[in-house]
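For reference, positions follow the sequence shown, starting with 1. These numbers were taken from a predicted model, which means no experiment stands behind them.
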Amino acid sequence: MLDIASLRRNALEIAWVLFVGVNLVAMELWPRWETIPFHLIWTSLTLLYGVRVWRLGRTYLVLLWFGVVSGASILSDAFNGTQQWGELFEVPLMSSMFLAMVWHARRRQAAIQATARESEEKAALLERQERFLHDVSHELRTPIAIARGHLELLQRAEGVGRSELSVAVDELGRVQRIVEGLLMLAKAGRPTSADSVCELDLQRFLEDVVMRWSDVTPRVWRVGELAAGTLTADPDALRVALDALVENAVKHTRPPDVIEVRSHAHNGHVAIDVADEGCGVPAGVRGEIFQRFAHADSAVGAADRGLGLGLAIVDAIAKAHGGRCSLRATGEGSTFTLDLPNFVAVVDEPGPDVEPHAPALIEG
């Protein structure tokens, strides 16, 4: 009984064997023109090997078989006077050229396999690092919270004048924020699951972000032009990313400065801009601003200096959604752009009595 699956897997080799058989028959029927089918067989063998890199044993066996068969045919015709003796040199010449091609093909295959193994090892290492980061951060949360709680109780019992206790509480709070940031970074780096995403009314979502910040932060808040439509994303992760961008803008501005949130659609994507009129980002750190624990060193006031995890979290969330985050900065401000896919724009035609959407200014 024929194995249909095996025949399908070896269909290319079977077709080549039939092609070789036809050309060998042609070599016997037209001996004066036998170099043409001879070269056709070698060419087809080279093309076949480029697609199917055989094992060395099988390669040498095919090479030896065809060399003997074709050499015997040419030798017989040379004895009969229908072919020149010099044509015999075609057999070793073509064989050596084919062996050189085999050597290069196997080197390329080995390089591809080595690259694939290296890629798998790096992916496994990255996964272990993310898992380690998640586990350590998760395990540290509880003892830090307990230690900080006891110190705060002791501080209240002893009085606020104890500077040593205040320093200890502040430093434990800083460690707690670092742990929370690392835990969020580990979670943000994983691809979004189908259970966590939904369709968001992006215009309303961005307006809500600005309203929340304007209520607690004294800046001039501006809602620019917003793209109308729905974005398929993880709302919790997106809110974390936008809050991190807005918080970064707050740290690099003063109360009279403007912070603007706007968006525009392009080719199924949406670009969300968080722009500020602050002190900007120094040119020397713009290339590494999205790395973990990176600092721009331009925050307004030392107390506003962050942990260097916020923008790394934004970058991880963007990549988990299949997007990216970028920076455009000058000496008088910065614009961070969160570019995300899976956006469906809605174009509304305004009626005669409807005013088009205009940027809103919110004094915070």
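Looking at residues two or more places apart in sequence or on another chain, you find a side chain to side chain contact (heavy atoms under 4.5 Å, CB included) between Arg117 and Gln113, Ala114. Taking Ala244 as the reference, Val314 meet the side chain to side chain contact (heavy atoms under 4.5 Å, CB included) condition, with sequence neighbours excluded. Applying the side chain to side chain contact (heavy atoms under 4.5 Å, CB included) test to Val240 and every residue at least two apart in sequence or in another chain returns Met184, Ile313, Ile317. Annotation: side-chain hydrogen bond (donor to acceptor under 3.5 Å, both in side chains) contacts of Thr43 (sequence neighbours excluded): none. In this structure, Arg204 has no side-chain hydrogen bond (donor to acceptor under 3.5 Å, both in side chains) partners at least two apart in sequence or on a different chain. Residues meeting the side-chain hydrogen bond (donor to acceptor under 3.5 Å, both in side chains) test with Asn23, sequence neighbours left out: none.
Distance alone, capped at 3.5 Å, is enough to place a donor-acceptor pair between the Trp221 side chain and the Thr217 backbone. Arg219 places a side-chain N or O within 3.5 Å of a backbone atom of Val250 that can act as its donor or acceptor partner. Proximity of a side-chain donor or acceptor of Ser214 to a complementary backbone N or O of Met211 within less than 3.5 Å is detected. Ser263 places a side-chain N or O within 3.5 Å of a backbone atom of Ala227 that can act as its donor or acceptor partner. A donor-acceptor distance shorter than 3.5 angstrom exists from the side chain of Ser44 to the backbone of Leu40, with no hydrogens or angles considered.
Closest non-hydrogen pair, Val261 versus Leu226, comes out as O-CD2, 4.0 Å. Considering every non-hydrogen atom in both Ala318 and Cys325, the closest pair reads CB-N, 4.1 Å. The two residues Val220 and Pro256 make their nearest non-hydrogen contact at CG2-O, 3.8 Å.
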With side chain to side chain contact (heavy atoms under 4.5 Å, CB included) as the criterion, how do Trp42 and Leu45 come out once you've worked through the C-alpha distance, each side chain's angles and the decisive distance to 0.1 Å?
CA-CA 5 Å; Trp42 277 111; Leu45 177 60; 3.9 Å; yes

When you look at Leu206 and Ile272, which way does the side chain to side chain contact (heavy atoms under 4.5 Å, CB included) test go after all the steps?
CA-CA 9 Å; Leu206 295 179; Ile272 304 171; 3.9 Å; yes

Apply side chain to side chain contact (heavy atoms under 4.5 Å, CB included) to Ile41 and Leu24, showing your working.
CA-CA 9 Å; Ile41 294 175; Leu24 287 176; 4.1 Å; yes

Test side chain to side chain contact (heavy atoms under 4.5 Å, CB included) on Leu238 and Leu231; report intermediate values, then the result.
CA-CA 10 Å; Leu238 182 58; Leu231 174 67; 3.9 Å; yes

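A donor and an acceptor atom, one from each side chain of Arg328 and Ser334, are nowhere located under 3.5 Å apart.
When side chains are defined from C-beta on, Phe205 counts as touching Leu242, because their heavy atoms get closer than 4.5 Å. You'll find the side chain of Leu338 reaches within 4.5 Å of the side chain of Leu340, heavy atoms only. In this structure, the side chains of Gln203 and Asp201 come closer than 4.5 Å at one or more pairs of heavy atoms. Contact check for Asp243 versus Arg212: side-chain heavy atoms found under the 4.5 Å cut-off. Taking 4.5 Å as the limit, every side-chain heavy atom of Glu260 sits out of range of all side-chain heavy atoms of Asp273.
Within 6.0 Å of the CZ atom in Arg239, the count of heavy atoms belonging to other residues, nucleotides or ligands exceeds 12. The environment of CD in Glu199 is sparse: at most 12 heavy-atom neighbours from other residues, nucleotides or ligands sit within 6.0 Å.
The CD1 atom of Ile36 sits 11.0 Å away from atom CH2 of Trp30, with the distance rounded to the nearest 0.5 Å. A distance of 13.0 Å separates CD1 in Ile112 from OG in Ser119, rounded to the nearest 0.5 Å. In this structure, Leu311 CG and Glu247 CD are separated by 9.5 Å, a value rounded to the nearest 0.5 Å. With rounding to the nearest 0.5 Å, the separation of CZ in Arg262 from OG1 in Thr335 is 5.0 Å. Here the CZ-CG distance, from Phe336 to Leu245, works out to 7.0 Å after rounding to the nearest 0.5 Å.
The hydrophobic cluster containing Met27 also contains Val17, counting ILVMFWY residues as joined when their side-chain heavy atoms lie under 4.5 angstrom apart, directly or transitively. Clustering ILVMFWY residues whenever any of their side-chain heavy atoms sit less than 4.5 angstrom apart, transitively, puts Phe19 in the very cluster that holds Leu29.
Residue Phe343 is tested with Thr232, Thr230, Val270 for a side-chain contact (heavy atoms from CB on, under 4.5 Å); the sole match is Val270.
His266 and His264 have tilted rings, their planes meeting at an angle from 30° to 60° on a 0 to 90° scale.
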